[in-house]
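One-based numbering, in listed order, for ligands and for the atoms of each.
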Amino acid sequence: MCGIIGFTGLDDAKEALIDGLQSLEYRGYDSAGISFFEGSSDKIDTIKTVGKVSCLADKVEEEGNMETTCGIGHTRWATHGGVTEVNSHPHTAGRVTLIHNGIIENYGELAEELAKEGIKPVSQTDSEIAAMVINYYYDGNPVEAIKNATKRFEGAYGFCIMFKEYPGEIYAIRNGSPLVATHYDGGSVIASDVVALIKYSKDYFVLQEQQIARLTKTDITIQDMDGREIDPEYLHVSWDIAAARKGGYDYFMLKEIHEQPEALQKTIMPRIKDGMPYLLDDGIDDDVFKNCNRVVIAGCGTAMHAGLVGKNMMEKLTRIPVSVEIASEYRYADPIIDDKTLFMCISQSGETADTIAALRLAKEKGAKTISVVNVKGSSIARESDYVLYTHAGPEIAVASTKAYSVQLSCMYLLAFRMAAARKSLVDDEIKELVKLLKKTITDVTKLLKYDSQIENISTMLHKASNLFFIGRGLDYALSCEGSIKLKEISYIHSEAYAAGELKHGTISLITDNVPVIALATQDNVYGKMISNVQEVRSRGASVILITNAGVSVDPALCDHQIMLPKMDDRFAPFGAAIILQYIAYYTAVGRGLNVDQPRNLAKSVTVE
Ligand code: M6R
């Protein structure tokens, strides 16, 4: 959710903070602010504003002509308290100034205690209460104040804190919310995401839960709650700064759509050996698949939709029962899990609070856990028994595109390896599937050239207020993904429906010119699907029909037909995903919206 950064070093901290916040803005963009030590003095200045980081940059330009080499910055996704300047971070209480990512769940109770001592907040935020509690325990020793205060906090937090008596120093602690840091020649930097560090170094470490970091311009020291010094384990990022920039595209989303062939190549190819799926380099051996009698896949939003495709493939190829669970529901559902359950979770960020909680529950109940994660060293990756990293590089746009495609590819690889381990298919059959999976990389490349065709077709959606995505089987799973993509960035209400289910209620919403995006790529249900399209058509719907290559339909059936390149229908999701991403993108652009930063949303949902 919120983006946080701390910088202490030789250079201008204001510039470093604004630059860092710009790269973190996808995590929240309700308001932004910075605090910094003036020169080498103990005077802390704060500049904050409602709105985007660009508004903050303007304000800093106007007001912030003082020199500084140490400060903290925050870009907010509001949880507690409205979007106002007073609720923006940083928050100061006495001699403590902090930024916070997460939620202090017991802040009400803490506020009451403070009120009894006559200490009252000025904002409506849980974060200011946190600052007040830390200040309450602060008697000149920052580490002791942090330890005593955090013992009182329930909930998730990543804090960067400055103490008035310690110019040039930043203290940080996390519980749940991510923090990564690096030290380089010019100083020390800490942030909620590695995209803000890459400018300084490709080597970084993840601050672990309940560790306290102290950053100065000469080094970073870390200790645990018992005062033991910790040597952090440095990780290396394989992509460079260009990957986290727009690189000439209008939006990150468009750039990321175009990065899919490369992301698929990097995710699939190292996992193929002698024509067979090979997961041993990821530490996943066949026993994991042999020893389970069911699979549970959990995730949120798009990641969960990748799971729907995974279920379809795994059940078809292995005959093992697979269920797909919405992580936020799963954790409270008292689910049936045992040591024969193979629990898979999917997450781009690896920091989604609900998915982490579902994973922890599955582990606690004895399941073996595999995660499909994009961010190295993230919480989900660290806490799973096995990790299959997707190699999409940084995904900045809130709408997930390339991460979805590579998640699909991992679902297929897992399904293939599981079929090999359990011998539900013979090797030749699996090799054939592997070839088809490799072929998706070229098919997706071809589909990227559909941009102008889909841009034209999407004009019919610009004025829509409601629309439907329908499909059967894998196409239903893709409909769910098409629908979330469209609504999150275009603000058009849409629903995904299993095409056969329409007649059981929803078809009453189909009237003249209601757009229906119908996916008919699955051979075994093609005839049935066309009948469903006819049903909506005869009630006046405007139809965009997505089919396999070479399928000719009665021109009266739809307004537009979009044909995939020639693809085996089991692999059609890779193609349909690109079409649906383009439909969402061009519809949102056509409506004049900021595609990368849709209202109310944030990229990484680290609160429940
Ligand atoms: O980081 P995660 O993959 O765990 O995130 C899960 C969802 O929040 C995410 O996929 C969300 O649905 C996307 N914004 C959809 O485009």
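The aromatic rings of His89 and His74 sit parallel to each other, their planes meeting at less than 30°, with 60° as the upper class boundary. Using the six-membered ring where Trp is involved, Tyr157 and Phe159 have ring planes that are parallel, under 30° apart on the 30 and 60° scheme. Taking the six-membered ring where the residue is Trp, Phe416 and Phe571 present tilted rings, their angle falling between 30° and 60°.
A salt bridge does not link Glu25 with Lys52: every distance from a Lys NZ or Arg NE/NH1/NH2 to an Asp or Glu carboxylate oxygen is 4.0 Å or more. Residues Glu364 and Arg360 are not paired through a salt bridge, judged by the lack of any N-O separation under 4.0 Å between the basic side chain and the carboxylate.
Of the heavy atoms in Glu488, only side-chain atoms (C-beta onward) come closer than 4.0 Å to ligand 1. With a 4.0 Å heavy-atom cut-off, ligand 1 is reached by no atom of Leu601.
Interface atoms of ligand 1 facing Gly301, defined by a heavy-atom separation under 4.0 Å, are 12 (O). With ligand atoms numbered from 1 in the order given, ligand 1 contributes 1 (O), 2 (P), 3 (O), 4 (O) to contacts under 4.0 Å with heavy atoms of Gln348. Contact atoms of ligand 1 toward Lys485: 15 (C), 16 (O) (distance under 4.0 Å to a heavy atom of the residue). Shown in contact with Ala303 at under 4.0 Å from a heavy atom are these atoms of ligand 1, numbered in order with element: 3 (O), 10 (O). Residue Ala399 approaches ligand 1 through these ligand atoms, each under 4.0 Å from one of its heavy atoms: 16 (O). Remark: ligand 1 atoms within the under-4.0 Å shell around heavy atoms of Ile484 are 12 (O). The ligand atoms of ligand 1 that sit less than 4.0 angstrom from a heavy atom of Ser349 are 1 (O), 2 (P), 4 (O).
Residue, atom and distance of the protein heavy atom nearest to atom 8 (O) of ligand 1 are Val605 CG2, 4.1 Å. For atom 7 (C) of ligand 1, the nearest non-hydrogen atom of the protein is Cys300 O, 3.5 Å. Looking only at heavy atoms of the protein, atom 11 (C) of ligand 1 is closest to Thr302 N, 4.1 Å. Looking only at heavy atoms of the protein, atom 4 (O) of ligand 1 is closest to Thr352 OG1, 2.4 Å.
Counting heavy atoms from C-beta outward, Ser379 and Arg174 have side chains that approach closer than 4.5 Å.
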task = Kindly indicate, with the supporting measurements, whether the criterion side-chain hydrogen bond (donor to acceptor under 3.5 Å, both in side chains) is fulfilled by Gln260 and Ser405.
result = CA-CA 7 Å; Gln260 287 176 101; Ser405 291; 2.5 Å; yes

side-chain hydrogen bond (donor to acceptor under 3.5 Å, both in side chains) evaluation trace for Thr341 with Asp338 = CA-CA 5 Å; Thr341 306; Asp338 59 24; 3.2 Å; yes

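Considering backbone and side-chain N/O atoms, Ser347 comes within less than 3.5 Å of an N/O atom of ligand 1. Looking at ligand 1, you'll find an N or O of Val398 within less than 3.5 Å of one of its N or O atoms.
Taking a 6.0 Å sphere around NZ of Lys266, one finds it holds 12 or fewer heavy atoms contributed by other residues, nucleotides or ligands.
Taking CE of Met411 as the reference point, atom NZ of Lys311 lies at 13.0 Å (rounded to 0.5 Å).
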